[in-house]
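This structure is a prediction, so every number in the text was calculated from the model and none was measured. So that the names make sense, note that chain A is the first sequence line, chain B the second, and so on, each numbered from 1.
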Amino acid sequence: MSFESERYPSNFISNIIESDLKAGKHGGRVATRFPPEPNGFLHIGHAKAICLNFGLARDYQGTTNLRFDDTNPLKENAEFMNTMREDISWLGFQWSQETKASDYFEQLFEFALDLIGKDKAYVDSLSAEDIRTYRGTLTEPGVNSPYRDRSVEENLQLFQDMRAGVFPDGAHVLRLKIDMAAANINMRDPAIYRIRHAEHHQTGNQWCIYPLYDYTHCISDALEGITHSLCDIGFEDHRPLYDWVLDQLQLPVHPQQIEFSRLNLKYTVMSKRKMKQLVEQQLVEGWDDPRLPTLAGLRRRGYAPAAIRDFCRRIGVAKSENNVELALLESCLRENLEGNAPRAMAVLDPLKVIITNLPEDQAETLRVANHPKNAAMGERSVPFTRELYIERADFRLEANRKYKRLVLGGEVRLRGGYVIRADEVRMDDQGEISELHCSYDAQTLGVNPPGRKVRGVIHWVSSSNAGAVIFRRFEPLFSVAYPDSGDSKYTDLMNPDSLTELSGFLENWLLETPAGSQYQFERVGYFTRDSKERADKVPVFNEVVGLRDSWAKINTE
RNA sequence: UGGGGUGUCGCCAAGUUGGUAAGGCACAAGGUUUUGAUCCUUGCAUGCGGGGGUUCGAGUCCCUCCACCCCAGCCA
């Protein structure tokens, strides 16, 4: 994919950037940042933000920092920082600088002192509950804390003592002095520092007071010279606070916060909290379960980074609520895989076939193209032998004209090989078809038989090179489009068929294939070797996405 | 009953100063095809939440309704 083709289509943020550039704002500089809190796994919703921040910066020759927003030591740890770096790199982006909010703790403290000195912040000694009560409600104004008028000197002393560890958790809090009657609740003297005698994964026990998001984020942005600070639409009514803080302080730049709506994907959940529950209640295998929209899960599922980037570009950027269909994601995947994935054959639900007119000791080696349109992908050898496997669904005792596969007495072509005719069916004790006896037409390799039309082509695997594996096919994790809404608990709405395991065969050279490289199993879908090994060592192949299947539509009509 | 947002095709989403509704996905119908895949062609909003108004002309301006989303963490 070329650089230019990944460029973002016109959107309200690129419009802002362009008019800023035109106006010479920030000296024509564009600087963004991606600021995850290291408290969980990144998912495809984050991918939207990552692609936007890095993509827009790239489109305008700007820079993007990776900043860990680590102001809450109780919820965060350094492990998550590692997986986040891996996920972002895997997605295909390189950050200009890696920073942490904790890098700025000392400066943040100094700025707080400055605010106290300007009588713009004060130490409040109300309990958490009282603060909530004093805050008022959505429709009623709040009332001033009795501690709001402490002297600058007293505030300074108290705040220094807070840092010094004189007080227990919750004893005091540093608040901005704005307006308790503000219609915007965020402006009713928000807390900006709390006491937490907790060890921080970066700063150890250096601090026992930690700054809060609203205070930290804007200053961190400004300190880094960020020009456009993109964030979730949920922060829209925090913007006045973002601007207020920066307006009080001497900082090199005043970044513009721009909010865009988060990604919602149908048939799945996008919140870290809910995914965490699925993992903890073992409703999925783990954070990298291929059914989860985490980047780790998508990677294990076999999604290519370029396909995810393409998806993020195609969903666009706006401020309206959105619920993107899975079909769009799948379309991006197929488009990416169609040209890149070498073809192979695999039989997921095998039915044994005996080619009765082929002697047991005869093995012919067929040469089959690895891609129908790209000769550069070469070809491979596929043995054609007396015993082989075809897909159970590719044979019927009888069927109507719409069915283009094998029926008793009918003909079909083996992909890359000969035309065969089904002569006889063997049943087992349960009345299940256990074996098919067929004969092949030796005159049909590479040519159509004279006078007859063979309508169908089916895939197959010779038992002489059949590797036994487990195929995993996936369906959406939830059986309803909006598991988050409605009366039912989302865990009750999980799709019982989200995972199907099948035991079958594939061309055995695929056994040597590494996790993460995708192949198209012809007529079935795209698959990749699973990165996790099973206890019984049986290889597992995950389905990335199925092929479009117009027969399935006809068949269910 | 406060504040902040959003409403353009089934799902996303363009639509710079008003000039006569992009594109993608999905869907439908044909064609090609040793993958019922791919590919190709064609179709798919007299209308932009509703109603008024301004204008020669409005998705774009004004008025007015309506619907939906977010906000009362010492989380981010």
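- Rounded to a whole angstrom, the distance from the P atom of B:G53 to that of B:A13 is 32 Å.
- Using atom P as the reference point in both B:G19 and B:A58, the two lie 11 Å apart (nearest Å).
- Donor-acceptor pairing under 3.5 Å, judged by distance alone, is absent between the side chain of A:Arg132 and the base of B:G73.
- For A:Arg135, there are no salt bridge (charged side-chain N to carboxylate O under 4.0 Å, His left out) partners at least two apart in sequence or on another chain.
- Figure legend. B:G43 is base-paired to B:C27; pairs are counted as Watson-Crick or G-U wobble with both atom distances under 3.5 Å.
- Taking the ring axis of A:Phe311 as reference, the NZ or CZ atom of A:Arg334 does not stay both within 45° of it and closer than 6.0 Å to the ring centre.
- Ring to ring, A:Tyr147 and A:His172 are not that close: their centroids are 6.0 angstrom or more apart.
- Residue A:Arg548 has a polar side-chain atom (N or O) positioned under 4.0 Å from OP1 or OP2 of B:A26.
- Note on A:Pro240: nothing from the nucleic acid sits closer than 4.0 angstrom, heavy atoms only.
- Projected onto RNA chain B by closest heavy-atom contact, A:Asn11 and A:Ala327 fall at different nucleotides, the more 5' of which corresponds to A:Asn11.
- With both ends at atom C1', the span from B:A45 to B:C39 equals 28 Å, rounded to whole Å.
- For B:C9 and B:G50, the P atoms lie 10 Å apart once the distance is rounded to whole Å.
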Could you go over nucleotides 16-18 of chain B and give all protein N or O partners under 3.5 Å, atom names and distances?
none

* To do: Summarise how protein sits on nucleotides 2-7 of chain B as a single string, 5' to 3': B when a protein heavy atom is under 4.0 Å from the base, S for sugar-phosphate-only contact, - for no contact.
  => BBSSS-
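- For B:U55 and B:G18, the C1' atoms lie 9 Å apart once the distance is rounded to whole Å.
- The side chain of A:Ser550 contributes an N or O atom lying less than 4.0 Å from OP1 or OP2 of B:A37.
- With no hydrogens or angles considered, no side-chain donor-acceptor pair links A:Asn264 and A:Tyr482 at under 3.5 Å.
- Between A:Tyr242 and A:Phe235, the gap from one ring centroid to the other reaches at least 6.0 Å.
- Spacing of C1' atoms, B:C75 relative to B:G15, comes out at 39 Å, to the nearest Å.
- Comment: A:Arg405 does not engage A:Glu391 in a salt bridge, judged by the lack of any side-chain N to carboxylate O separation of less than 4.0 angstrom.
- At a threshold of 4.0 Å, the pair A:Lys272-A:Glu37 does not count as salt-bridged, since none of the basic side-chain nitrogens sits closer than that to a carboxylate oxygen.
- Shown here, B:G7 forms a base pair with B:C66; the pair counts as Watson-Crick or G-U wobble because both key distances fall under 3.5 Å.
- Counting non-hydrogen atoms under 4.0 angstrom, A:Leu265 reaches nothing in the nucleic acid.
- Checking the phosphate oxygens (OP1, OP2) of B:G36, a side-chain nitrogen or oxygen of A:Arg523 falls inside 4.0 Å.
- At the heavy-atom level, A:Val317 lies under 4.0 Å from the strands shown only through sugar-phosphate atoms.
- Of the N and O atoms on the side chains of A:Arg33 and A:His217, at least one donor lies less than 3.5 Å from an acceptor on the other residue.
- OP1 or OP2 of B:A76 has not a single side-chain nitrogen or oxygen of A:Arg262 nearer than 4.0 Å.
- Remark: the separation of the P atoms in B:A37 and B:A26 is 13 Å, to the nearest Å.
- Residue A:Arg313 places no side-chain N or O under 4.0 Å from the OP1 or OP2 atom of B:A13.
- Between A:Arg309 and A:Glu6, at least one side-chain N (NZ, or NE/NH1/NH2) sits under 4.0 Å from a carboxylate O, which counts as a salt bridge.
- Here the side chain of A:Tyr213 is nearest to one of B:A13, B:A76, B:C25, namely B:A76.
- Nearest-nucleotide mapping onto RNA chain B: of A:Glu338 and A:Phe12, the residue sitting toward the 5' end is A:Phe12.
- Remark: A:Ser127 is not in phosphate contact with B:C74, judged by side-chain N or O atoms under 4.0 Å from OP1 or OP2.
- In terms of heavy-atom proximity, A:Asp69 sits nearest to A:Pro35 at CB-O, 3.8 Å.
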